[in-house]
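First up is the structure itself, then whatever we jot down about it.
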There are 2 protein chains.
Amino acid sequence: MRSADLEEIRSLPLFRDMAPAHFAELTRGAYHQSFPPQVDLIVEGRPADFLHVITDGAVELFARWNGRETTMAVVRPVSTFILAACINDAPYLMSARTLVPSRVALIPGTDLRSVFARDPAFAQAIVRELAGSYRGVVRHAKNIKLRNSKERLAAFLIAECERNGRSRTFALPYEKRIIASYLGMTPENLSRALKQLREDGVTIDGATVDLADFDRLCAIALPGRLMDR
Amino acid sequence: MRSADLEEIRSLPLFRDMAPAHFAELTRGAYHQSFPPQVDLIVEGRPADFLHVITDGAVELFARWNGRETTMAVVRPVSTFILAACINDAPYLMSARTLVPSRVALIPGTDLRSVFARDPAFAQAIVRELAGSYRGVVRHAKNIKLRNSKERLAAFLIAECERNGRSRTFALPYEKRIIASYLGMTPENLSRALKQLREDGVTIDGATVDLADFDRLCAIALPGRLMDR
DNA sequence: GGGGGAGGTTGATTCAGGTCAAGTTTTGAA
DNA sequence: TTCAAAACTTGACCTGAATCAACCTCCCCC
């Protein structure tokens with residue numbers, strides 16, 4: 001693993017405070033690999049062998065059941081995913097695939113659990129990370145259960161706008177069909193919902209969004225820390 | 001706090017392995033209270049002052065937004081809830097209310113965080129608890145996003161049946177309107193869905209359920225560890 | 001600079017599930 | 001025991017969203 005990569009990973013909240021020897025131990029057995037788009041990194045149901053750290057690109061976390069499929073999250077650099085399954089040595093509940101060319105570091109779960117048992121600072125960081133992930137899924141579930149599709153879309157646009165420093169025009173971060181699946185609707189319906197939002201100042205040209213009336217969107221989505229972070 | 005109560009709490013996986021002195025420290029500042037039904041224990045958005053441990057009764061975790069409300073989980077003894085908010089010292093994302101007369105121990109968040117920083121065994125237990133909770137919400141979100149209401153109901157009945165030692169008749173654990181909200185549907189729709197399941201061997205009399213054809217239900221719900229635990 | 005294929009849009013239609021309104025049953029308190 | 005409120009059920013109806021099918025358009029590759 002390149003030392004620049006190591007530093008990047010080391011700087012993550014999850015690894016920042018652990019003992020240097022322990023970090024070395026974790027990364028000794030680790031791989032850092034590049035993947036083309038549409039590669040399955042994780043298949044749900046499999047034992048959780050590796051903690052994944054995405055350092056470049058974008059990874060979709062999704063779940064399948066009975067032929068249906070839904071996007072649970074999209075992970076972007078630099079962050080970790082499927083920590084919970086790994087730490088519990090339990091089967092993955094979600095699958096993961098690259099959306100674009102991506103680089104992912106793979107840290108063996110056995111090393112992770114072994115260091116976790118010995119390094120209190122690391123254990124604390126894991127707790128913080130898990131608590132954050134937990135709260136993320138709770139927000140997602142609330143979003144799906146409490147808002148209708150137009151409201152979810154408005155909230156999504158607001159969130160993306162803020163991720164882009166509140167600039168009123170920005171690019172959608174990934175394909176619309178993924179956004180649709182994440183928001184729990186069909187691509188067709190997303191298309192219609194976007195069109196419907198034109199009367200609220202939303203203009204779409206390809207992947208480019210322009211929000212002419214931020215406040216109006218807020219009136220629809222009523223965003224807040226308790227659901228949108 | 002009564003010593004019988006203390007022992008019960010102490011026997012939870014979360015507290016089982018921590019140093020006795022630390023456990024004492026946690027419970028010193030703790031309250032153990034009885035509440036009538038329909039009491040709000042937690043209001044979402046408030047700072048997370050106390051870790052809650054339910055020792056008797058049943059507590060509903062729910063979320064509100066814009067006048068709508070949805071049940072996120074029902075917690076039963078003996079277990080903890082809202083650990084994530086507490087450990088992160090962040091606002092609660094969910095509200096909680098008693099469904100029936102209940103006893104709840106309240107452990108101050110400051111004590112929790114302080115002991116957590118010093119007791120590695122406790123930190124490990126917290127990680128395990130959080131990872132479990134995380135996986136629980138992921139399952140809930142998958143359930144809502146991937147199954148339709150009939151399938152969710154079938155899965156719920158199967159789960160309840162198994163909670164009751166697979167006996168083919170059992171009582172619904174709480175009011176139908178709560179079940180409906182948990183499953184993301186209206187009470188009216190739950191009623192209709194139950195009636196619809198009669199042709200699959202499900203009989204309802206008040207709160208009493210009889211599952212004449214377990215396998216048939218399974219064919220509808222396709223239950224599995226990845227969504228139903 | 002064509003194809004060809006995936007992603008996206010649009011329209012027509014269907015359907016699951018929500019809403020509304022009117023019952024009935026259950027519950028719990030006086 | 002009675003009564004009132006809450007839970008639940010049922011039916012009629014409506015609507016948001018899925019489905020199906022056709023079409024467009026943007027890339028990417030030859």
Side-chain angles (χ1 to χ4, degrees), chain A residues 36-38 58 60 62 65-71 74 97-101 143-154 156 171-199 202-209 220-221, chain B residues 36-38 58 60 65-71 74 97-101 143-154 156 171-198 202-209 220-221:
Chain A
Q38 302 299 330
E60 178 192 8
F62 65 99
W65 178 79
N66 195 27
R68 299 167 211 168
E69 191 179 302
T70 188
T71 303
V74 174
R97 71 164 76 95
T98 54
L99 289 178
V100 295
N143 194 27
I144 296 290
K145 289 184 84 177
L146 288 168
R147 292 208 264 235
N148 64 28
S149 61
K150 185 182 175 185
E151 290 159 349
R152 291 198 296 275
L153 176 55
F156 179 83
L172 292 175
Y174 30 82
E175 289 171 355
K176 292 202 184 93
R177 67 195 176 86
I178 308 279
I179 296 175
S181 174
Y182 177 67
L183 295 179
M185 52 177 122
T186 58
E188 294 95 322
N189 214 1
L190 173 62
S191 219
R192 282 186 267 269
L194 279 170
K195 196 197 281 189
Q196 219 190 321
L197 283 180
R198 279 204 293 235
E199 36 193 77
V202 177
T203 323
I204 304 282
D205 178 27
T208 306
V209 184
I220 296 171
Chain B
Q38 302 300 328
E60 178 193 8
W65 178 79
N66 195 27
R68 299 167 210 168
E69 193 179 301
T70 188
T71 302
V74 175
R97 72 164 77 95
T98 55
L99 288 178
V100 296
N143 195 26
I144 296 291
K145 290 183 82 177
L146 288 168
R147 291 208 264 236
N148 65 29
S149 61
K150 184 182 174 185
E151 289 159 350
R152 291 197 296 274
L153 177 55
F156 179 84
L172 292 174
Y174 29 83
E175 289 173 356
K176 292 201 184 93
R177 68 194 175 86
I178 309 279
I179 297 174
S181 174
Y182 177 67
L183 296 178
M185 53 177 122
T186 58
E188 293 95 322
N189 213 1
L190 174 63
S191 221
R192 282 186 268 267
L194 278 170
K195 195 197 283 190
Q196 220 192 320
L197 282 180
R198 278 205 293 236
V202 177
T203 323
I204 304 282
D205 178 27
T208 306
V209 184
I220 296 172

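Chain letters run A, B, ... following the sequence lines, proteins first, then strands; residues in each count from 1. All values below were derived from every heavy atom in this structure, side-chain atoms included, with hydrogens, water molecules and symmetry-related copies excluded.
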Would you find a donor on one side and an acceptor on the other, under 3.5 Å apart, between the side chain of [X] and the backbone of [Y]?
X      : Y      : result
B:K145 : A:S181 : yes
B:T98  : B:Q38  : yes
B:K176 : B:A207 : no

Choose from D:dT9, D:dC8, C:dT9 the nucleotide whose nearest atom is closest to any side-chain atom of A:S191.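 Of the options given, the side chain of A:S191 lies nearest C:dT9.
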Would you call A:L153 and A:V202 a side-chain contact if the rule is heavy atoms closer than 4.5 Å?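 A side-chain contact under 4.5 Å is absent here.
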Does the side chain of A:V74 reach to within under 4.5 Å of the side chain of A:Y182, using non-hydrogen atoms?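 SC-SC contact between A:V74 and A:Y182 ruled out.
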Between A:I144 and A:R152, which heavy-atom pair has the shortest distance, and what is it?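 Taking every non-hydrogen atom into account, O-NH1, 3.6 Å.
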Quick one: [X] [atom1] to [N] [atom2], roughly how many Å, whole number?
X      : N      : atom1 : atom2 : answer
B:N189 : D:dC14 : CG    : P     : 18 Å
A:N148 : C:dG17 : CG    : P     : 16 Å
A:E151 : C:dG18 : CD    : C1'   : 14 Å
A:Y174 : C:dG7  : OH    : P     : 16 Å
B:I178 : D:dA6  : CD1   : P     : 15 Å
B:I179 : D:dT9  : CD1   : P     : 10 Å
B:R152 : C:dA16 : CZ    : C1'   : 11 Å
B:R177 : C:dT19 : CZ    : P     : 16 Å

Passing option when A:L197 is tested against A:T203, A:I220, A:V209 for side chain to side chain contact (heavy atoms under 4.5 Å, CB included):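 The side chain to side chain contact (heavy atoms under 4.5 Å, CB included) with A:L197 is passed solely by A:I220 among A:T203, A:I220, A:V209.
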Residue-phosphate contact under 4.0 Å: [X] side-chain N/O, [N] OP1/OP2:
X      : N      : answer
B:T186 : C:dG17 : no
A:K195 : C:dG8  : no
B:K176 : D:dT9  : yes

Looking at D:dG16, does its base get a donor-acceptor pair with the side chain of A:R192 below 3.5 Å?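 Looking at the base of D:dG16, it does not pair with any donor or acceptor on the side chain of A:R192 (distance under 3.5 Å).
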Look at the side chain of B:E188 against the base of D:dC8 and say whether a donor-acceptor pair falls under 3.5 Å; ignore hydrogens and angles.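 Between D:dC8 and B:E188, which were checked side chain against base, a qualifying N/O pair under 3.5 Å is absent.
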Using the criterion of both pairing distances under 3.5 Å for Watson-Crick and G-U wobble pairs, give all stems of 3 or more consecutive pairs involving DNA chain C.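 Paired runs of 3+ in DNA chain C: C:1-30 with D:1-30.
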